Every structure is written in structure tokens, then in C-alpha cells.
Amino acid sequence: MIKEDIRSAIREALENCYQQGTLSSGEFPAEIQLEVPKSQDHGDYATNLAMMLARFEGKSPRQIADTLVASLRISNLFAAVEVAGPGFINFRLAVGYWATTLQRIYDGQERFGRSPAGRGVRVQVEFVSANPTGPLHIGHGRGAVVGDALASILDAAGFDVQREYYINDAGNQVQTLGRSIFLRLRELQGETIDFPEDGYQAPYIIELATRLLQEQGELEGIAEEEAISRCARFGVQQILGWIGADLEAFGIRFDNWYSEQSLYDRNMVEQELARLADKELTYQEDGALWLRTTDFGDDKNRVLIKSDGSYTYFASDVAYHLEKFDRGFDRVIDVWGADHHGYIPRMKAMLKGFGLPAEALEVLLIQMVNLLRDGQPFVMGKRSGNFITLREVIDEVGRDACRFFFLMRRCDSQLDFDLELAKQNSSDNPVYYVQYAHARICSINRNAAELGIEQPSIHQFDFNLLTLDEEIALIRQLSRFPEAVEGAALHYEPHRVVFYLQDLAALLHSYYNRHRVLIDEVPVTYARLYLVNAVRIVLANALSLLGVSAPEKM
RNA sequence: GCGCCAGUAGCUCAGCUGGAUAGAGCAACGGACUUCUAAUCCGUAGGCCGGGGGUUCGAAUCCCUCCUGGCGCGCCA
């Protein structure tokens with residue numbers, strides 16, 4: 001990649017200076033910082049190296065920068081290297097480099113933007129993992145899209161990625177689900193039931209009860225406990241079906257659905273807890289089994305086995321996470337709702353105590369989505385029965401717009417999602433702005449075909465005919481796509497791809513409005529078609545990372 | 001009370017590991033369609049980066065403190 005080429009040129013210059021004695025500290029920064037300057041006047045890339053070295057050299061940054069530049073072999077990589085401001089070294093890339101960029105895009109096609117940065121590190125992204133006790137809501141939707149896009153981005157950046165959904169199909173909530181269905185079922189059979197407040201009130205419970213009655217008949221003659229657990233199993237299975245279908249409608253597929261219950265069935269909880277005990281990380285107190293998380297940064301120790309002998313949720317989660325590493329993942333990313341943030345220290349403490357590095361687990365917190373309708377907050381809650389499902393939102397707002405909206409902001413800031421506003425603004429929703437850029441290029445291609453102009457081959461393309469500032473600006477932006485993907489991957493920030501896309505689309509629209517692609521001069525037309533289709537490829541690749549479609553017509 | 005996240009233009013938000021003159025969209029105002037799709041473009045205006053201290057060549061970014069909003073602080077899941 002271009003950044004590495006520049007870095008090695010700088011490194012070489014630095015070595016020369018030390019050898020020739022023009023610089024004396026012998027200091028080598030671990031990584032030479034290269035940034036994209038905000039202003040075009042400052043070149044394509046800039047480094048602050050001279051300023052970093054100032055305190056070691058005892059000279060002014062500008063002096064050091066001058067020395068470095070003098071020693072910098074002016075390769076054909078650069079058109080100009082300048083010292084500017086307090087001591088920046090600005091690099092302007094040689095025009096010929098931009099031709100290479102287009103070449104790489106055509107060579108790579110849908111693979112352009114991918115990089116080996118992740119070195120095949122095995123990473124698992126676990127996301128959504130909503131309890132199978134009700135349909136997905138808007139908050140799940142945000143986590144779903146962020147997790148899905150992040151997984152795609154990591155994959156593009158060279159990580160070996162698996163998408164996993166953890167099914168909480170054991171424990172109290174599932175019991176509550178079973179009991180709720182069971183009671184509704186008895187109601188359907190004519191009994192008068194005093195429905196408990198802590199049961200699930202929502203109408204879909206009655207729907208489930210009705211269906212259970214149809215499919216399995218009455219549960220006469222079965223002990224209540226067994227009947228409830230049968231209701232629970234049925235409910236979980238049905239609801240998982242809904243969830244799977246909703247995610248499918250959202251364009252999300254998991255590589256693996258992992259059952260919490262299966263941990264118990266295989267005695268994994270017992271086994272993994274035993275490993276913690278072997279490391280003397282657990283102790284008995286007040287009739288319960290505790291984990292010493294305080295030794296590793298938590299503010300209190302945590303119970304694994306309650307005094308009544310049953311496991312806590314934390315116990316199975318501990319087993320689940322340890323088992324992830326048993327499965328060979330180098331890194332595990334959990335996408336959680338921000339309301340679970342208090343849970344992070346104990347999970348990290350557990351892994352640390354177990355001897356795993358701190359960065360083995362990365363938790364991405366997804367802040368709350370405040371659902372509004374006509375500016376009025378919509379109180380959500382599965383038990384209250386008052387909620388709008390994710391499916392309803394997708395149907396109302398549209399899949400592409402919905403996904404894009406969730407990805408537009410960094411995930412650790414809260415999001416107001418006004419349904420009326422999202423619909424009302426849908427015509428000037430930013431997603432259309434980006435998609436429109438893609439559709440416009442496709443439209444040019446259709447017109448070209450009608451005029452009998454074929455897509456130019458590399459041999460018909462003459463880079464020297466791309467002389468406009470807007471054209472170079474477009475190629476510059478195209479060349480940065482791999483960096484954008486890599487940055488989004490390494491920082492776990494899918495929204496960077498969104499901003500990259502908006503910038504690229506803006507350049508395309510601006511170019512489109514100012515200049516025509518299809519003109520009388522055939523060689524220029526070829527050059528512009530070549531450029532514009534490189535843009536099309538990158539737009540499509542970036543949209544694909546976000547799971548948003550790239551329409552050919554709008 | 002303790003902890004986590006946030007506070008940047010009227011509104012919604014970007015700002016990469018500290019860098020050059022703090023950016024974009026919407027809203028406002030003024031322009032551009034006999035020309036590849038006007039879901040677009042061009043321009044104008046809009047700021048004490050919540051307040052106050054500190055660290056240094058340099059702070060929206062790091063540290064301390066205070067204020068505001070949200071969320072957490074179970075032998076619940």
C-alpha cells in the first residue's frame with residue numbers, strides 16, 4: 001500500500017542522516033505517523049516525524065525536516081516533498097501513481113479494498129444474541145447491523161471471521177416464557193387465569209399458545225412442570241424462527257447459532273468452572289462458589305454457583321467465553337447493548353485471570369436507540385407488550401435506509417430514531433445520495449452502450465487525458481479506500497466506511513455536474529469512462545461491506 | 001454515593017494513535033435543468049469544541065475538577 005511505500009522512503013532517509021551524521025540522536029519511532037492533511041494545499045500525505053524528533057535532536061523541527069528532505073531520495077513516487085508549517089513534511093504523489101491506482105482497481109474488481117492487514121487472525125464476532133423470548137426490536141437492529149458490517153469489514157481487512165449468535169435458551173427468562181404460554185393456553189381452553197405481572201403480556205404469547213394448541217393438542221394429563229417446559233421449548237423454537245427470518249430480511253446471516261443450553265448438556269459449564277478452580281480463581285463462601293474477579297480489576301467478586309446449587313447466568317457465560325478460545329479464536333468481539341457495560345470488567349477479569357491477554361476480548365457497546373414517533377418517545381418493553389418490532393421498522397423505513405442510518409454514527413453515542421422523520425426524510429436520506437452516485441454511473445454506461453461506445457480496455461485508456469482537478473481528486477479518494485477499510489477494521493468502527501462513501505459520492509456528483517463523460521472526443525470519453533467505472537467498483541465494494549445495495553437504476 | 005458513555009454550527013453528527021485555518025448533512029438564504037437521471041450541483045451565512053484549571057513546541061483530542069443528559073452498580077438474565 002502507498003502508506004508503506006512512503007514510510008519506507010522516510011525510514012531510509014532517516015538512516016542516511018544518522019549514517020552521515022547530519023542527525024545524531026539515533027532515535028527511531030516505532031511507527032512513522034502518516035496522515036492525510038485536511039487541506040489539499042498540504043499535499044496528499046504528511047508526517048510529523050521532524051516534530052517528534054525535535055526533543056531528541058535538540059534542534060528545531062523545521063531544521064530537522066529540512067535535513068530529512070535533503071536526504072530523501074526523490075523517487076518517482078513523489079511529485080514534490082515540502083517542509084511546511086511548524087515542521088511537517090508534505091508529500092505530493094507523482095501523477096503516475098494515480099494511473100497505478102486505477103490499474104489496481106480494475107485488477108482487483110470486487111476484491112479491491114481488501115488487504116492482508118489482519119494476517120488471517122481468527123476473530124469471532126458475536127452479535128444480536130437477543131433472548132429468544134420475543135421478536136427483535138429496534139435496539140437489536142442497531143447491534144445487528146453494526147455487528148454484521150463490522151464482520152464484513154474485518155473479513156475485507158484480512159481477518160478470518162466467524163459470525164455467531166448466542167442463544168440464551170436456558171434460565172429464568174425462558175421459564176417465564178414457558179409459563180406465560182402455558183397460562184395463555186389454559187385461558188384458550190376456557191379457564192379464567194390471573195395472569196401474573198411478571199409474565200410476558202404481549203399478544204404474540206397468545207399467538208404462540210394458539211399455535212401450540214393446534215400443533216400439539218391439549219397438554220392434558222401432563223404434569224404442570226413438564227407442560228411448562230414443553231411450552232418453553234416450543235416458544236423458543238418458534239421465536240428463533242421469527243428472529244432468523246427477521247435477520248434474513250435485514251440481510252444478516254450467521255455462521256453459527258450457539259445454544260446456551262448445549263453448554264449444560266455437554267457439561268461444559270462444569271468443566272470450564274473446574275479449570276478456573278484448578279487455577280485457584282474460585283472459592284466457597286456463604287454456601288456459594290465465587291470467582292475472584294477483584295484480583296483482575298473488577299470491583300467485587302462474582303457468584304458462579306448460588307447457595308441453592310444452581311448456576312448464575314455469569315457461570316454459563318464464563319464457560320461460553322472460555323470455550324470460544326478452546327475453539328481456536330485468537331480474538332473475540334462481543335457486540336452488546338450499552339446497558340450491559342457493567343458486565344465488562346468481570347468478563348475481562350475472568351479471562352485475565354485465566355491467563356488470556358486483555359485484548360483477546362473486545363466488547364463493542366451499542367448505545368440505546370430512542371424510538372420516537374412524531375417526536376414522542378415510544379416506551380419499549382417486552383413485558384409491557386408495547387413495542388414496535390424491528391421487522392415493522394424495516395418494512396416502514398426500508399432495509400437500505402435502515403442499515404445505513406444505523407451505521408452513520410459511531411455506535412457509542414445514543415441515537416434518536418424517529419419513524420415519521422425517517423420516512424419523511426427518506427427522499428433525501430444520505431443513503432440515496434450514495435446509491436444515486438452508483439446509479440448515475442450505470443446510467444452513463446447504458447447511454448454509452450446505446451451510442452455504441454464499449455467499455456474501454458486498459459489499452460484504450462490514456463491516463464494523460466485525465467487532466468482535471470476533479471479527476472485527480474476522485475482518484476485520490478479511490479486510492480484511500482483500502483486504508484479506510486483497514487482503519488474501520490482495526491478500530492472496530494464501521495461508520496468510517498459510511499463517511500468514506502459519502503465523500504466519494506460527493507466528489508462523483510460534483511464531477512458529474514461539471515463535466516460530461518460522453519463527449520465527441522472518443523479518447524477522452526474512454527479515459528473518463530475508465531475513471532468513472534473505477535468509482536463505480538469502489539462504491540459497490542464499500543456499499544457491499546455495509547450490506548446496502550448498489551442499484552443500477554433509481 | 002461509585003462506575004461507564006456522551007456534551008462540537010439552530011438540529012443530527014464527523015474529526016483516525018495530540019498537529020497546520022475545527023468539517024459534513026439537514027434547516028435558512030441566493031443561484032444552476034433545450035446538455036450522460038436536479039434523489040444532483042455551485043455559493044452565502046452560521047462556532048468560547050459544556051465551564052474552569054493543568055500537561056507541551058501544539059489540545060476538540062491527554063490529566064484533574066465541576067455542570068448537564070443517558071445507562072449501569074443482584075446469589076436476575
Side-chain angles (χ1 to χ4, degrees), chain A residues 30-31 33 35-39 41-42 46 48 51-52 54-55 60-61 84-88 90 131 133 168 170-176 260 285-290 299-300 302-317 337-345 365 367-368 370 408-416 421 425-437 439-448 450-451 483-484 487-488 490-491 493 495-496 498-499 502-503 505-506 508-519 525 528-529 532 553-554:
Chain A
E31 194 201 18
Q33 295 185 18
E35 60 166 28
V36 175
K38 276 178 238 163
S39 163
D41 299 339
H42 300 138
N48 61 354
M51 289 178 280
M52 302 290 282
R55 50 188 272 244
S60 82
F88 288 101
N90 295 337
N131 286 339
T133 52
N168 297 121
N172 289 348
Q173 303 220 22
V174 169
Q175 272 304 111
T176 304
E260 179 188 4
E285 190 177 292
D286 299 332
L289 184 74
W290 297 71
D299 51 11
K300 56 180 291 194
R302 306 294 173 176
V303 171
L304 291 167
I305 301 177
K306 300 179 239 177
S307 52
D308 69 0
S310 63
Y311 291 105
T312 59
Y313 175 80
F314 182 51
S316 58
D317 220 12
D339 53 339
H340 290 85
H341 70 260
Y343 202 76
I344 297 173
L365 291 178
Q367 273 293 349
M368 303 286 102
N370 301 313
M408 264 174 55
R409 45 208 52 168
R410 33 181 318 137
C411 54
D412 53 6
S413 64
Q414 292 184 36
L415 170 64
D416 285 339
L421 208 65
N425 283 1
S426 68
S427 62
D428 51 11
N429 190 307
V431 67
Y432 297 111
Y433 182 83
V434 174
Q435 290 180 317
Y436 188 46
R440 270 185 153 170
I441 298 168
C442 293
S443 173
I444 293 173
N445 288 338
R446 282 191 297 272
N447 290 323
E450 224 165 275
L451 294 169
E483 292 164 28
L490 298 180
H491 294 267
E493 292 180 343
H495 74 275
R496 291 191 191 202
V498 175
F499 284 91
Q502 288 179 308
D503 289 344
L508 189 277
H509 285 309
S510 183
Y511 178 58
Y512 181 96
N513 270 276
R514 241 191 272 247
H515 308 285
R516 285 183 59 88
V517 171
L518 306 176
I519 56 177
T525 293
R528 292 182 178 177
L529 267 178
V532 137
K553 232 179 208 173
M554 286 175 73

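Everything numeric here is computed off the predicted structure, so don't read it as measured data. Letters go in sequence order (proteins before strands), and every chain restarts at 1. FYI, side chains are in, hydrogens and waters are out, and symmetry mates aren't considered; it's all heavy atoms of this structure.
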*Taking the P atom of each, how far is B/A6 from B/G23, in whole Å?*
23 Å
*Any side-chain heavy atom of A/Tyr313 within less than 4.5 Å of one from A/Asn172?*
no
*With a 4.0 Å cut-off on heavy atoms, is A/Ala84 in touch with a base, just the backbone sugar-phosphate, or nothing at all?*
base
*Thinking salt bridges, do A/Asp41 and A/Lys38 make one under a 4.0 Å N-O criterion?*
no
*Reckon A/Arg440 touches a base, only the sugar-phosphate, or nothing at all at heavy-atom distances under 4.0 Å?*
sugar-phosphate
*Which nucleotides of RNA chain B pair, in dot-bracket form (Watson-Crick or G-U under 3.5 Å, | meaning another strand)*: (((((((..((((.....[...)))).(((((.......))))).....(((((..]....))))))))))))....
_hbond_proxy A/Asn48 side chain to B/A20 base (donor-acceptor, 3.5 Å cutoff)_ = no
_Per-nucleotide protein contact string for nucleotides 72-77 of chain B (B base, S sugar-phosphate only, - none; heavy atom under 4.0 Å)_ = S-SBSB
*Give A/Phe88 one of three labels, base, sugar-phosphate or nothing, depending on what nucleic acid heavy atoms sit under 4.0 Å from its own.*
base
_Residue mapping more 5' on RNA chain B - nearest nucleotide basis, A/Arg516 or A/Ala505_ = A/Arg516
*Do the charged groups of A/Lys306 and A/Asp308 touch, with an N to O distance under 4.0 Å?*
no
*Rounded distance in Å between the C1' positions of B/G69 and B/G74*: 26 Å
*Which sits closer to the 5' end of RNA chain B, A/His509 or A/Gln502, going by the nucleotide each is nearest to?*
A/Gln502
*Look at all strands and tell whether A/Ala439 reaches a base, only sugar-phosphate, or nothing, counting heavy atoms closer than 4.0 Å.*
base
*asked:* Parallel, tilted or perpendicular, judged at 30° and 60°: which one describes the rings of A/Phe499 and A/His495?
replied: perpendicular
_With the threshold set at under 4.0 Å for non-hydrogen atoms, list the residues of residues 408-415 of chain A touching RNA chain B in residue-number order._
A/Arg409, A/Arg410, A/Asp412, A/Ser413, A/Gln414
*Check whether any side-chain heavy atom of A/Ile444 lies under 4.5 Å from a side-chain heavy atom of A/Arg528, and answer yes or no.*
no
*Check: A/His341 side chain, A/Ala338 main-chain N or O, donor-acceptor pair, under 3.5 Å*: yes
*For atom CE of A/Met368, is the number of surrounding heavy atoms from other residues, nucleotides or ligands below 6.0 Å larger than 12?*
yes
_Students often get this wrong, so: under 4.0 angstrom with heavy atoms, is A/Lys38 touching a base, only sugar-phosphate, or nothing?_
sugar-phosphate
*Does B/A14 have A/His495 stacked on its base, where the ring centres are within less than 5.5 Å and the planes differ by under 30°?*
no
